[in-house]
Amino acid sequence: YKVKDGATVYMEIYEGSNTRPTLAREVKSGESNTFKVTDKLKFVTSKPEGVEIYVDNELVQPTDPKGIGVYNYTVNFKE
């Protein structure tokens, strides 16, 4: 992921089958991170316009399936 310039975004990131997030905090403008994933990775945010999420160098868009303002994107390489 990469946080867009001027943005501050609360994010949670879950790796594998963990129920506790690897990251759960505000991330700020310009901050980025990469993950080497062999199974599952989930991103959760309430401000998707402030962050870019890439999977295999391709920009992906989180969705709000419940319509409550919580957006997520999950990639599962085992499926």
Side-chain angles (χ1 to χ4, degrees):
Y1 71 88
K2 180 179 186 302
V3 182
K4 292 182 180 179
D5 289 340
T8 298
V9 178
Y10 179 81
M11 280 184 51
E12 294 178 359
I13 298 175
Y14 298 83
E15 293 183 81
S17 59
N18 292 327
T19 57
R20 289 192 166 200
T22 301
L23 177 129
R25 64 176 174 83
E26 282 190 339
V27 289
K28 298 182 185 208
S29 177
E31 190 171 335
S32 65
N33 202 348
T34 59
F35 298 86
K36 290 190 179 203
V37 179
T38 57
D39 56 357
K40 187 175 175 184
L41 184 66
K42 180 178 182 181
F43 295 88
V44 179
T45 185
S46 59
K47 193 174 180 185
E49 66 278 5
V51 66
E52 296 175 334
I53 299 170
Y54 294 88
V55 175
D56 289 336
N57 294 317
E58 182 178 325
L59 182 64
V60 297
Q61 298 298 320
T63 59
D64 179 9
K66 295 182 180 178
I68 58 173
V70 178
Y71 294 78
N72 68 73
Y73 185 87
T74 301
V75 60
N76 191 338
F77 290 104
K78 294 232 176 192
E79 293 183 344

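All heavy atoms count here, side chains included; hydrogens, waters and symmetry mates do not.
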Trainee: Please collect all side-chain hydrogen bond (donor to acceptor under 3.5 Å, both in side chains) contacts where either partner lies in residues 32-41, sequence neighbours excluded, each pair once.
Mentor: none

Trainee: Tell me, which pairs form a salt bridge (charged side-chain N to carboxylate O under 4.0 Å, His left out) where one or both residues lie in residues 43-64, sequence neighbours left out?
Mentor: none

Trainee: Strictly distance-based, threshold 3.5 Å: is any side-chain N or O of Asn76 a donor or acceptor partner for the main-chain N or O of Lys78?
Mentor: yes

Trainee: Which heavy-atom pair separates Leu59 from Tyr54 by the least distance, and what is that distance?
Mentor: N-CD2, 3.6 Å

Trainee: In terms of hydrophobic clusters joined by side-chain contacts under 4.5 Å, are Ile68 and Val44 together?
Mentor: yes

Trainee: Other than Tyr10, what residues sit in its cluster of Ile, Leu, Val, Met, Phe, Trp and Tyr side chains whose heavy atoms are under 4.5 Å apart, directly or through others?
Mentor: none

Trainee: Rounded to the nearest 0.5 Å, what's the gap from NZ on Lys42 to CD on Glu12? Could you check?
Mentor: 8.5 Å

Trainee: Transitive ILVMFWY cluster of Phe35 at side-chain heavy atoms under 4.5 Å: who else is in it?
Mentor: Tyr1, Val3, Val9, Met11, Ile13, Leu23, Val27, Val37, Leu41, Phe43, Val51, Ile53, Val55, Val60, Tyr73, Val75, Phe77

Trainee: Could you list the residues that satisfy side-chain contact (heavy atoms from CB on, under 4.5 Å) with Thr8, not counting sequence neighbours?
Mentor: Glu26, Lys28

Trainee: Could you tell me whether Arg25 and Glu31 make a salt bridge, using a distance below 4.0 angstrom between a side-chain N and a carboxylate O?
Mentor: yes

Trainee: Applying side-chain contact (heavy atoms from CB on, under 4.5 Å), name anything that partners Asp5, two or more places apart in sequence or on another chain.
Mentor: Lys2, Ser29

